[in-house]
Amino acid sequence: MKLDDVLAGYVTGVRGRDALALAVLLARQAHARLTVATVRPPANSTPGPARAEESAWRAYLREQAEATLAQARELVAELGAVEAEYVTHTHRGSGRGLVELARRRGAGVVVIGSAPGGSGLSGGLGGGLGGGRGRISVGSTADQLLHSSSVPVLLAPRGYGERPPAAFDRLTVAYRRGPGCDAAVKDAAGTAAALGVPLRLVTLLISSGRRARIEEEMLVRLRDRAAADLEAAARAQRSPGRPAGRPVEVEVLEGRNVAQALATTSWLPGEMIICASSDTGPLRRVFLGDTSIKIVRASTCPVMILTREP
C-alpha cells in the first residue's frame, strides 16, 4: 500500500469536513501529499438555441466547484495547515470520477465521508446504507468506489471532523485466514510502521448465543482455530526476514452479530480498521465482501478497504 499521495473527495457540508479531517490526519502522519478533489457533473451539449443556456449552466457548474474548493482550503488550513492541491474533475458519477482521478494521478488511497442519510442516497461525495452519528453510511459514491477502485478506500464515520484525534493510535486488521487477509496483514504492517503505531489482528466469531452441548463444543474448536490462526499471522510479521517492529496484538471477538463482536473490545480514539477485499472480487481492485460491509456499518472508527492482491 502506498501512502505517499492521499486523495480526498470533498463536498460542502459535514460529510466533506469528515473526509478532510481524516485525509489531513493521514497525510500529516504519513508525510504524504494531499489532493482535495470535487467531482462535478458534465454540461450536456445541446444544439441550436439551447447553446446560451448551456453556456450559463457551464458557468454555474464552474462557480459551484470553485466555491466548494475555496471552502475546502479554509477547512484544511483550520484542520492542520498541511499543503494540498485542489482539483475539479468532471464525471457523471462522483464515485467513478474519483476512481478515474485516482488512477490518473497515481493516488495511494481515496478518502471520503459518510453519506448524508441512511437509505442509499445518491449523488454527492458522501460515503447510504444504515449508519447514524458516529457510524458509516454507504451510499452511491462509496458503493462505486468499494466495487471498482484500483487503490484502497478509507471511509470516515459521520461526525469525525467535529473532534478528530490528534493522531492515529493503532491499526486493527479484521482477519480470517486466507490469501487475501494474509496480504492485508502484510500491507497493514507496513502502514503501521510508516505511521509509527502498533498493529492488532482480530477475528470475529459469530455465535447464536445458545449453549447446547454440541454448539458449545463447536465454538471451543472455532475459538482455538481462530486463536491459532491469529498467532500464526502475527508470528509471520515477527519472522527473522522482517525488520523488528512493535509487538502485534491478537484478539478473538465473539458476539451474536458483527456489531456485538466489535463491541467486546476497546477502541482507541485514533483507531483505524483495515479490511481485505473479497477473494471473489477482481484482482487489484477494491471489492467489498459480506463480512466487510457489516464491519463498515457497525464500526465507530474509520475503515479502510484494501484492493485484492494476487
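The structure presented is a predicted model; accordingly, all values stated were derived computationally and were not measured. Reckoned from all heavy atoms, side chains included, excluding hydrogens, waters and symmetry mates.
Applying the salt bridge (Lys or Arg N to Asp or Glu O under 4.0 Å) test to every pair with at least one member in residues 77-92, sequence neighbours left out, gives these pairs: R17-E78, E85-R105. For the ring pair (Phe, Tyr, Trp, His ring centres under 6.0 Å) condition, no pair includes a residue of residues 253-277, sequence neighbours left out. The salt bridge (Lys or Arg N to Asp or Glu O under 4.0 Å) pairs that include a residue from residues 165-184 are R170-E249, R170-E271, R177-D229, where partners are two or more places apart or lie in different chains.
Checking side-chain atoms of S299 against main-chain N and O of I295 turns up no donor-acceptor pair under 3.5 Å.
L3 places a side-chain heavy atom less than 4.5 Å from the side chain of T191. Between L306 and I274 there is a side-chain heavy-atom pair separated by less than 4.5 Å. Side-chain contact between L26 and R28 is absent, with no heavy atoms from C-beta onward closer than 4.5 Å.
The two atoms that bring A102 and V151 nearest to each other are CB-CG2, 4.1 Å, heavy atoms only. Annotation for D18 and A156: closest pair O-CB, 3.7 Å, computed over non-hydrogen atoms. The shortest heavy-atom contact between V250 and A234 is CG1-CB, 3.7 Å. For the residue pair F168 and V197, the shortest heavy atom distance occurs at O-CG1, 3.2 Å. A pairwise comparison of heavy atoms in G93 and Q144 identifies C-OE1, 3.9 Å as the closest pair. For A37 against L98, the heavy-atom pair with the smallest separation is CB-CD2, 4.4 Å.
Classification of E100 and R96 as a salt-bridged pair fails, no side-chain N sitting under 4.0 Å from a carboxylate O.
Defined by atom type and a distance below 3.5 Å, a donor-acceptor pair is missing between the side-chain atoms of T307 and S277. When only modelled atom types and interatomic distance are considered, Q71 and T12 share no side-chain donor-acceptor pair under 3.5 Å. Looking at R200 and T265, their side chains do bring a donor and an acceptor atom within 3.5 Å of each other.
Relative to the six-membered ring of Y86, R73 meets both conditions, a distance below 6.0 Å and an angle of at most 45° to the axis.
From S278, atom OG reaches atom CZ of R308 across 7.5 Å, with rounding to the nearest 0.5 Å.
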